[in-house]
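Structure, as structure tokens:
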Amino acid sequence: ILKQNNCTATFFVTGKWAEAYSDSLNKLHRSGFEIGVHSYNHDDYTKKSSDEILADIEKTEKAIMRATGEKPSLVRTPSGAYNNIAVSTVENSGRYCIQWSVDGLDYVDTTKETIYERVVPNTKSGDIILLHNGTKLTAQILPDIVKGLKSNYNLVNVSDLIYKEKYTIDNTGRQYA
């Protein structure tokens with residue numbers, strides 16, 4: 001759907017998913033989609049030490065690199081749960097800690113209309129939108145979301161959108177220079 005609409009996106013994947021679906025991950029990568037780390041098992045990084053977080057990221061990176069040949073630089077913490085230890089661990093390792101600012105809630109029991117209404121009218125320039133692959137309704141509503149967003153915005157990879165230095169992140173996940 002994204003390719004058909006000349007859009008790009010970033011897929012944050014777990015290491016287990018990268019290993020189980022390495023062919024699919026390689027296809028996403030070859031199609032020009034950016035790949036980021038989303039932990040190995042979706043463990044809560046707020047309950048891990050800095051060393052444990054770093055080991056988890058590196059294990060996930062290896063799984064992604066085996067499938068794509070490329071080392072990711074973006075990390076999205078599982079469930080969006082982060083604290084100072086998680087953020088500083090990611091950033092001190094030379095990676096970028098990513099949060100989202102618009103959540104489609106496509107991973108809960110909902111309707112296509114609700115997902116659309118959570119995303120399209122609530123998106124502003126610079127937002128990072130959270131949607132998931134493999135959910136019940138996302139692929140069905142994605143063409144409408146893309147159409148609604150493309151009328152006002154360019155849809156880009158997260159790396160093309162974020163500040164890479166001299167920024168702060170507020171409690172909504174939005175970056176500020």
Side-chain angles (χ1 to χ4, degrees), residues 1-107 126-136 138-139 142 145-146 154-165 167 169 173-175:
I1 294 166
L2 294 168
K3 278 300 261 189
Q4 290 169 353
N5 286 281
N6 297 314
C7 295
T8 189
T10 303
F11 288 82
F12 289 92
V13 301
T14 64
K16 285 187 85 163
W17 191 91
E19 291 172 348
Y21 301 100
S22 61
D23 289 343
S24 295
L25 184 59
N26 183 272
K27 185 177 178 182
L28 286 170
H29 176 70
R30 284 191 334 265
S31 295
F33 296 109
E34 182 175 43
I35 309 300
V37 170
H38 189 49
S39 81
Y40 188 81
N41 285 317
H42 211 263
D43 291 339
D44 185 346
Y45 278 10
T46 65
K47 297 180 177 164
K48 291 186 173 288
S49 70
S50 182
D51 289 342
E52 291 170 323
I53 293 168
L54 194 55
D56 188 77
I57 290 169
E58 289 171 351
K59 184 176 181 181
T60 306
E61 280 179 343
K62 287 177 185 170
I64 291 170
M65 288 171 61
R66 279 192 296 274
T68 67
E70 190 171 304
K71 184 178 178 180
S73 63
L74 305 179
V75 176
R76 185 170 73 78
T77 60
S79 303
Y82 64 93
N83 58 16
N84 288 339
I85 292 171
V87 172
S88 63
T89 299
V90 171
E91 291 180 347
N92 290 339
S93 71
R95 298 167 179 93
Y96 301 97
C97 193
I98 303 303
Q99 187 60 289
W100 64 86
S101 49
V102 175
D103 186 351
L105 284 179
D106 59 337
Y107 51 91
D127 277 332
I128 296 174
I129 300 165
L130 176 66
L131 293 171
H132 295 78
N133 62 319
T135 55
K136 185 170 73 171
T138 305
L142 191 58
I145 290 172
V146 168
N154 293 320
L155 306 182
V156 299
N157 289 334
V158 170
S159 285
D160 297 327
L161 180 66
I162 63 169
Y163 293 110
K164 300 221 167 109
E165 54 187 46
Y167 66 89
I169 302 173
R174 184 175 282 280
Q175 282 188 321

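Fair warning: this is a prediction, and the values are worked out from it, not measured in the lab. All values below were derived from every heavy atom in this structure, side-chain atoms included, with hydrogens, water molecules and symmetry-related copies excluded. Note that the numbering runs from 1 along the sequence shown for the chain.
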*Without swapping roles, check the side chain of Asn157 against the backbone of Asp160 for a donor-acceptor pair under 3.5 Å.*
no
*asked:* Using only atom types and a distance under 3.5 Å, with no angle test, would you say the side chain of Thr138 pairs donor to acceptor with the backbone of Thr135?
replied: no
*Look at the side chain of Glu61 and the backbone N and O of Val37, then say whether any donor-acceptor pair between them is shorter than 3.5 Å.*
no
_Does Tyr163, at its OH atom, have more than 12 non-hydrogen atoms belonging to other residues, nucleotides or ligands within less than 6.0 Å?_
no
_Side chain to side chain, Ile57 and Tyr45, heavy atoms closer than 4.5 Å_ = yes
_Side-chain ion pair, Lys47 and Glu52, N-O less than 4.0 Å_ = no
*For Tyr96, check ring-ring contact (aromatic ring centres under 6.0 Å, His included) against everything at least two apart and list the hits.*
none
_Quick check against the 3.5 Å criterion: does Asp103 have a side-chain atom that pairs as donor or acceptor with the backbone of Leu105?_
yes
*Would you confirm whether His42, through its side chain, and Pro78, through its main-chain N or O, come within 3.5 Å as a donor-acceptor pair?*
no
*asked:* When you compare the side chains of Thr68 and Asn26, does any donor N or O come within less than 3.5 Å of an acceptor on the partner?
replied: no
*With a cut-off of 6.0 Å (strictly less than), are more than 12 heavy atoms of other residues, nucleotides or ligands near CG of Leu161?*
yes
_Within-4.5 Å side-chain heavy-atom neighbours: Arg66 and Glu19_ = yes
*Any side-chain heavy atom of Lys3 sitting closer than 4.5 Å to one from Phe33?*
yes
*Where is the tightest heavy-atom contact between Phe12 and Val158, given as atom of each residue plus distance?*
CE1-CG2, 4.2 Å
*pair Ile145-Leu131: side-chain heavy atoms closer than 4.5 Å*: yes
_The criterion is salt bridge (Lys or Arg N to Asp or Glu O under 4.0 Å); which residues satisfy it with Lys27, sequence neighbours excluded?_
none
*From Gln99 CD over to Thr77 OG1, what is the distance, rounded to the nearest 0.5 angstrom?*
5.5 Å
*Is there a side-chain contact between Leu142 and Asn5 (heavy atoms, below 4.5 Å)?*
no
*Work out which heavy atom in Ala18 is nearest to a heavy atom in Leu25; give both atom names and the distance.*
CB-CD2, 3.6 Å
*Please determine if Asp56 and Lys48 form a salt bridge, counting it only when a charged side-chain N lies under 4.0 Å from a carboxylate O.*
no
_Ser22: which residues meet the side chain to side chain donor-acceptor pair (under 3.5 Å) condition with it, sequence neighbours left out?_
none
*asked:* Could you report the tightest heavy-atom contact between Ile128 and Trp100, atom names first, then the distance?
replied: O-CB, 3.4 Å
*After noting the C-alpha distance and the side-chain angles of Tyr40 and Glu58, does the key distance pass the side chain to side chain donor-acceptor pair (under 3.5 Å) rule?*
CA-CA 9 Å; Tyr40 188 81; Glu58 289 171 351; over 6 Å; no
_Closest non-hydrogen atom pair, Gly80 against Tyr82_ = O-CD2, 3.1 Å
*asked:* In the structure I gave you, are the side-chain heavy atoms of Asn41 and Lys16 within less than 4.5 Å of one another anywhere?
replied: yes
*Non-hydrogen side-chain atoms of Val146 and Leu155 separated by less than 4.5 Å*: yes
*What are the two closest heavy atoms between Ala81 and Thr46, and how far apart are they?*
C-CG2, 3.7 Å
*Between Asp127 (side chain) and Val102 (backbone), is there a donor-acceptor pair under 3.5 Å?*
no
*asked:* Let me confirm one number: the CG-OG distance from Asn83 to Ser88, rounded to the nearest 0.5 Å.
replied: 8.0 Å
*asked:* Donor-acceptor check, side chain of Thr60 to backbone of Ser39, threshold 3.5 angstrom: yes or no?
replied: yes
*Met65 versus Glu70, closest heavy-atom pair with distance*: CG-O, 3.3 Å
